[in-house]
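Sequence lines set the chain letters: A, B, ... in the order given, protein chains first and strands last, and positions in each chain run from 1.
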Amino acid sequence: MLETNIASLKLKTPFILASGILGVSGSTLAKVFHAGAGAVVSKSIGPVPRQGYNNPSVIEIFPDTFLNAVGLANPGIDEFAGEVKIAKDQGTVIILSVFGGELQEYGEVAKKAEKMGADAIELNISCPHAHISCIGADAQRTSEVVRLVKSQTHLPIIAKLNPNVTDIVEIARSAEKAGVDAITAINTVRGMLIDIDAKCPVLANKSGGISGKLLKPIAVKVVYDLFESVKIPIIGCGGISDWRDAVEFFLAGASAVQIGSALWKGFEIFTELAKGTKQYIVENKAKNLQDIIGRAHKA
Amino acid sequence: MIRKPKLIMIEKMVHETKSIVSLYFHYIPAGCENKDGQSTVPFTPGQFFMIWLPHLDEIPISVSFFEPPDYWGISVKIVGEATRALCGLHVGEQFGVRGPLGSGFEIISSPGIFFGGGVGLAPLRPAILRKVRDKQKPTVVNCAPCGEDLLFHGEFEQLAQENGIDYYFATEDGSCGCQGLGTELLVQVLEKFPSKTRIKYLAACGPERMLVKALDIAEKFKVLLFQASLERMMRCGMGMCGLCAIDPLGLRVCKDGPVFSGEVLRKCTDFGRKVREFTGHKRDL
Ligand SMILES: Cc1cc2nc3c(=O)[nH]c(=O)nc-3n(C[C@H](O)[C@H](O)[C@H](O)COP(=O)(O)OP(=O)(O)OC[C@H]3O[C@@H](n4cnc5c(N)ncnc54)[C@H](O)[C@@H]3O)c2cc1C
Ligand SMILES: Cc1cc2nc3c(=O)[nH]c(=O)nc-3n(C[C@H](O)[C@H](O)[C@H](O)COP(=O)(O)O)c2cc1C
Ligand code: FES
């Protein structure tokens, strides 16, 4: 009932772990997968190790709303191979999130990811607090990076969009034209917390990205708009913490959803999401998940 | 509770050893202030704070003292830039506090032992003080390289005299108490218990290699519940970023821990062997 396809990627459930949440260790990824995720996205991985930003790098700003500037800390694709292997050995469906300093680096990392057995590639062209966000802010560069990666691997390619742009629909369309298989919307929205006693921004990087509850209405609106403008599957992401949130994204037009911040509470969320969504489908006399995708547009 | 840093003012500082300083302050976590200004925050010994030094860093530090509703203490060993800056502050100056975070020690009934090495005694202290308050007489085993490094030594000697706790201490150079390793003293202490007594718990904190030995000892003496507090690099401190994961169970030290049972630690091949750096790179301990 909950099966969904993202291009050639067949998922048992439409609930996917978002990038950068618990995505450092292969064994944690496997654990999240076996807790009921349809797939897991790794932490964004680049060509070489990166220290990322200093602490504070992740804080809560309102209940269940967070601000982070991890700064793409990662051990580099070569070392990450070990973690991918651990996850794959336990049967995990893993989408490797990749980034690069230069366009070619995206291609190099994606090629290596395919060799190590990743099931799909998510292009992080959207981290709001790192330089790469400029790719995702530019339709031309977005289509260049999609074309390049497409030419280097056979895996399904998902582009993760940056909401901090004037016209996200234009970027999505250019990614679609360049041949991208699906779109994840959205990454975090730029934000800042200033401590009024310390009189300075709290994050070491000063600004960061807002995730969690507060992001949801922004993300739902983006998914709704994209559904009317592109034909490729959309993966909704932003502030999902229970099945009602997930259903909202499906109705807006998402074929699958990613869950990030809400996971800090526990992994049981995946069972709850599946149970609630199934019940919703039955109670609303729909046949399956596909039947409710985009339903909010018909009203 | 909202897990964002809140600035507090230092009320008291105690220079415990040549490299360890305790800092005391009043603090109610963001989101826990209720109308009469009382804190409603639940605290379990073993939990930790993320301590924020504006413009410098945010680091995990265990709670070493708590007097409800809102008086807290931490004990910090100088090992690098952030800990040096923290210990260099003065009464009346400020730093940020986020938490308390993580899981704590399960405090079960006596007889049991608290075993700390160096600054490792810090997270055990609130548990020991709680036992004393409940009129129980825990056994405390304290160890350090030399006498000057024995944390809370005076305080525990006093608790031994006034409240009847069993206090043992050892130093590697023999300058105070028995000469030798803490784990050697731990074995001697366990052997002192009458042979039929089942030790209910052994709560330990200190260098990880010491904890590995302590777990072996606990199993040999058939201690009912072994618990140890681990340290790993942290960012979020609340189970989100995944940096503090220990394999192969994929447990988060900041959220599932920092206190883990011996049963769980036996399954963690990382225990005593591997730690992650800030990049996520795994290296030998
Ligand atoms: C749950 C927990 C509780 C702790 N409780 C105490 C305590 O009560 N008292 C105490 O003195 N120390 C405690 N520590 C250790 C303390 O966090 C480090 O000593 C401190 O972060 C060092 O920072 P620095 O800048 O002074 O040194 P650095 O030069 O930055 O580092 C020295 C060493 O400290 C460790 N470290 C640095 N940054 C971090 C980080 N973000 N997270 C985890 N470890 C780090 C690393 O092992 C590093 O090699 C605890 C650590 C954890 C994880
Ligand atoms: C701590 C943290 C780290 C993140 N790291 C990444 C990352 O490396 N790559 C990426 O594409 N998105 C990253 N994100 C963004 C999430 O994948 C997701 O898009 C965002 O958090 C919104 O979803 P949520 O509200 O469910 O958390 C990160 C988010 C958080 C909170
Ligand atoms: S420090 Fe982020 S999950 Fe533990």
B/Leu53, part contacting chain A, at a heavy-atom distance under 4.5 Å: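 Contact with chain A: none, neither part.
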message: Need one label for B/Ile59: side chain, backbone, both or neither, based on atoms under 4.5 Å from any heavy atom in chain A.
response: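 Neither part; nothing is under 4.5 Å.
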- prompt: What orientation do B/Phe66 and B/Trp72 show, parallel under 30°, tilted 30 to 60°, or perpendicular over 60°?
  reply: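 Aromatic pair B/Phe66/B/Trp72 classed parallel.
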- prompt: Among B/Pro54, B/Cys241, B/Ala30, B/Gly237, which residue forms the greatest number of heavy-atom pairs with chain A at distances under 4.5 Å?
  reply: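 Of the candidates given, the most pairs with chain A belong to B/Cys241.
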- prompt: If you tally heavy-atom pairs under 4.5 Å against chain A, which of B/Gly96, B/Ala82, B/Gly239, B/Cys244 wins?
  reply: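 Between B/Gly96, B/Ala82, B/Gly239, B/Cys244, the count favours B/Gly239.
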- prompt: Under the side chain to side chain donor-acceptor pair (under 3.5 Å) test, which residues partner B/Lys6, sequence neighbours left out?
  reply: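 Listed in chain order: B/Glu33.
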- prompt: Which residues pass the side chain to side chain donor-acceptor pair (under 3.5 Å) test with A/Ser57, sequence neighbours left out?
  reply: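 Result, side chain to side chain donor-acceptor pair (under 3.5 Å) vs A/Ser57: A/Asn55, B/Arg235.
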- request: List the steps and the verdict of salt bridge (charged side-chain N to carboxylate O under 4.0 Å, His left out) for A/Glu83 and B/Arg276.
  value: CA-CA 12 Å; A/Glu83 306 290 351; B/Arg276 275 197 172 79; 2.9 Å; yes
So what's closer than 4.5 Å to chain B heavy atoms on [X]: side chain, backbone, both or neither?
| X | answer |
| --- | --- |
| A/Glu79 | side chain |
| A/Asp197 | both |
| A/Leu193 | side chain |
| A/Lys206 | neither |
| A/Phe80 | neither |

field: Distance-only side-chain donor-acceptor flag, A/Ser211 / A/Ser261, under 3.5 Å
entry: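 On atom types as modelled, these side chains qualify, holding a pair under 3.5 Å.
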